[in-house]
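Step one of this worksheet: look at the structure below.
When a residue number appears, it is its place in the shown sequence, counting from 1. When reading the values below, keep in mind they use all heavy atoms of this one structure, side chains included, and skip hydrogens, waters and symmetry mates. From a predicted model like this one, the values you see are computed outputs, not experimental measurements.
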Amino acid sequence: MGILAWILIGLLAGVIAKLLLPGKDPGGIIVTMLIGIAGGLLGGWLGKVIFKVDSIDGFFDLSTWIAAIVGSLILLLLYRAVTGNRRSHRHA
């Protein structure tokens with residue numbers, strides 16, 4: 001898959017991750033899109049390393065989308081954990 005396909009999958013995976021984990025995140029839509037792109041890459045890498053499968057078979061393969069969404073969810077949770085602590089200290 002080319003870089004444009006990765007970006008598109010990442011953007012959509014970021015939106016899906018945000019729908020699965022609703023809430024107010026600092027950074028807005030731009031940060032969510034970047035998390036989605038990075039999450040797609042992370043999910044593909046984790047699929048290869050942990051499960052020894054080629055989770056990046058093609059744009060329309062279910063394994064590609066599952067890997068991208070799981071990676072996006074992981075990064076979104078990590079992002080919330082890091083920025084949530086900073087935000088709570090500022091308002092205290």
Side-chain angles (χ1 to χ4, degrees):
M1 288 192 326
I3 190 71
L4 292 177
W6 268 111
I7 291 171
L8 181 59
I9 287 173
L11 292 173
L12 294 172
V15 169
I16 293 169
K18 181 69 173 170
L19 291 173
L20 292 173
L21 292 173
K24 190 169 185 173
D25 293 319
I29 189 73
I30 302 296
V31 172
T32 301
M33 289 189 293
L34 293 174
I35 287 173
I37 293 169
L41 295 171
L42 174 67
W45 179 76
L46 287 175
K48 287 181 181 181
V49 171
I50 295 174
F51 300 113
K52 308 280 191 246
V53 296
D54 190 12
S55 58
I56 312 303
D57 292 329
F59 188 82
F60 294 106
D61 285 334
L62 184 61
S63 63
T64 301
W65 287 93
I66 290 172
I69 292 167
V70 168
S72 295
L73 288 169
I74 291 169
L75 288 183
L76 184 58
L77 288 170
L78 287 173
Y79 177 71
R80 285 182 179 178
V82 170
T83 60
N85 290 339
R86 281 194 230 154
R87 196 171 67 205
S88 64
H89 291 294
R90 242 187 291 166
H91 295 291

Path from V15 to I66 over hydrophobic side-chain contacts below 4.5 Å:
no
Grab the two heavy atoms, one from G40 and one from S72, that are nearest each other, plus how far apart they are.
N-OG, 4.0 Å
What I'd like to find out is whether the side chain of [X] reaches to under 4.5 Å of the side chain of [Y], using heavy atoms alone.
| X | Y | result |
| --- | --- | --- |
| I74 | L78 | yes |
| L46 | V70 | no |
| I37 | L11 | yes |

Output for pair (L73 CG, I16 CD1), nearest 0.5 Å, gives 9.5 Å
To the nearest 0.5 Å, what is the distance between OH on Y79 and CG on L21?
14.0 Å
Applying the side-chain contact (heavy atoms from CB on, under 4.5 Å) criterion to I35, which one of L75, I30, L42 satisfies it?
L75
